[in-house]
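Everything on this sheet refers to the single structure shown next.
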Amino acid sequence: MQENCLFEIMNLMSENKNNLSHWADQMAERIIREKGDKELYTCASGITPSGTVHIGNFREIITVDLVVRALRERGKNVRFIYSWDDYDVFRKVPKNMKDPERLATYLRKPITLVPDTSGTAENYARANEVRVENALPIVGIHPEYIYQADRYRRGYYAEGIRRALEKRDEIRTILNEWRTEPLAEDWYPVSVFSSFTDKDNTTVTGWDGEWCITYHDNDLDKSETIDIRNTPNSKLPWRVDWPMRWAKEGVDFEPGGKDHLTEGGSYDTSKKVVELFGGTAPVSMRYDFIKLKGMGGKISSSGGEVADLYDVLEIYTPEIVRYLFVGTRPNSEFAISFDLDVLKIYEDYDNCERIYFGLIDVKEQRKEKEKRIYELSQVDGSRIPSEPGYQAPFRHLCNLLQIHEMDVDKALSSLDDVTEGQKDRLKARLTCARNWLEKYAPEEFKWSLSMDKEPIDVSDSERKALRDLSSYVAEYLDQMDEKGFSTYIYKAAADNGLENADFFSITYRALIGKEKGPKLAGFIKTVGAEKITSILSKY
RNA sequence: GGGCCGCUAGCUCAGUAGGUAGAGCAACGCCCUUUUAAGGCGUGGGUCAUUGGUUCGAAUCCAAUGCGGCUCACCA
């Protein structure tokens, strides 16, 4: 007996030491502990697609994805559901939508009945959904989608609505615990879209104790009685809808933003209400919001200072997008950077990768942690790369692209030591570097070779120095290293009586039309003799 | 009013299963005559917000306090 107990404790201790460094693993263990050993674990997430689903909303999705992975790696059978609350009401027209005047005429109707003014989908809600559903597989996330408008309108939740009506008083009592204004005695836990106007300016006035409710349309001042099983009008309000679905789907885990996971927030009331539906509350965790940094006020594809997953995927490769979230505690706010920080993020990721492949020595504890972060950052968790990526610094890729007229394929083929296994990843990274240069890089960072430009005005001695440099390049560049060749740059300057500083400046102006540039000798070496001489021969 | 988060180097932040304080940028120095760095190497820099407690040992755990922020008490 005592020995057993000791054994258990030892087990727990080793469990704590092994493979529990990451919060997703800790959460998976907690779910198993609190929910018991189950045939199937259901993990859920969801949102109202009432506007652009931005990168902050994505945090919830990837939080669930990581926990799902951790559970599956423990041999568990897991269902990952994502609920689109597209039967929610259209409250206001977001700034970034087309044809706002037309959209405004649909206010107070369910978003699934609002037209998509961008013309890409069958309705407003669907347009927002499609964008996310197309983007998630890119980062290796594959939930099962649930469309609430469809379910409510088909009567799928009719029993849930009836149950809520039966438990009306209990629900009201629970909600009133935190309300400043108590709900009225004649309040019903149902909202109705008028069958005359589709708008929700209605008041439920009665229930027959079974399937029929009566509501009053406040716009038209008339009443109607509907059967909730076959009339697509009724819906539960959020604080009742959420727990009803927990019970219906048997949700074991669902995270929430801090608006839900605060005292008196919807998680608190829902965990009580769910019992009225015969269920129990899922394990939850709070995630904080995402800030954006360095978008420079540029209009993103979705308009305004909003970034969605596609905007982030433009400048970060899929595994690095995951890495941003995997490596950060969900509990705290962090910023996604579009400015020079991008360079560091890529370096951090490469460093993590080097630790994973044992290329640098770090303490054991750090190593375990970084390895887990690397694994969870991969798009396909079952296919971790067998070799590190090419690991070219982002800055170097930016220079390569600018040498090769921003052509990704040319830049790629200029590197002759890339393995087959590295090619796709490097190409993806080059594409991100190009996007970043075009949209977010500071001006000092950008340049292009003056291949087809007219020569700049120079003095006779400067002309002579550039010519000398050109012939040195033709003659010596290919056989020397960067350091060795740099002496010829100084020679060209000295032989023509020019100050080094002035000559560097002239050379940069001739080559890239700027006063400064990348360290010259290395730059000339990277660009190659052919291109350099073709520019300098004009002098 | 309730709840939560944060306070670590000049700046931005890692580090929170207790065990000698870390990175990047900035600063400073050096880099075979010889850059103005977007390159390399190196150096300096922190009473870990404050106070108290637990401990052999606390940035880390506990309790208070201060400052900053978010959020709920409408709707979702």
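A quick note: this is a predicted structure, and the numbers were derived from the prediction, not measured. We name chains A, B, ... by the order of the sequence lines, and we start the count at 1 in each one.
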- Message: Please report the distance separating the C1' of rU50(B) from the corresponding atom of rC7(B), rounded so that it comes out in whole Å.
- Response: 11 Å
- Note on the structure: To the nearest 0.5 Å, atom CZ of Arg59(A) lies from atom CG of Asn57(A) at 12.0 Å
- Going from CZ on Arg395(A) to CG on Leu400(A), what distance comes out if it is rounded to the nearest 0.5 angstrom? 13.5 Å
- Whole-Å P distance, rA63(B) and rA23(B): 33 Å
- Message: Assess whether a salt bridge exists between Glu438(A) and Lys446(A), defined as any Lys/Arg side-chain N lying under 4.0 Å from an Asp/Glu carboxylate O.
- Response: no
- Message: Let me spell it out: for each of Gly265(A) and Lys235(A), pick the nucleotide of RNA chain B with the closest heavy atom. Which residue's pick is nearer the 5' end?
- Response: Gly265(A)
- Does the gap between the ring centers of Tyr346(A) and Trp436(A) come in under 6.0 Å? no
- Message: Using the C1' atom as the point on both nucleotides, what is the distance between rU60(B) and rA21(B), in whole Å?
- Response: 12 Å
- Query: Taking only side-chain nitrogens and oxygens of Arg286(A), does any of them come within less than 4.0 Å of OP1 or OP2 of rC72(B)?
  - Reply: no
- Sticking with atom P, work out how far rC30(B) lies from rC67(B), rounded to a whole angstrom. 47 Å
- Query: With rounding to whole Å, what would you report as the distance between rG40(B) and rG24(B) at their P atoms?
  - Reply: 11 Å
- Does Arg239(A) put a side-chain nitrogen or oxygen below 4.0 Å from OP1 or OP2 of rA73(B)? yes
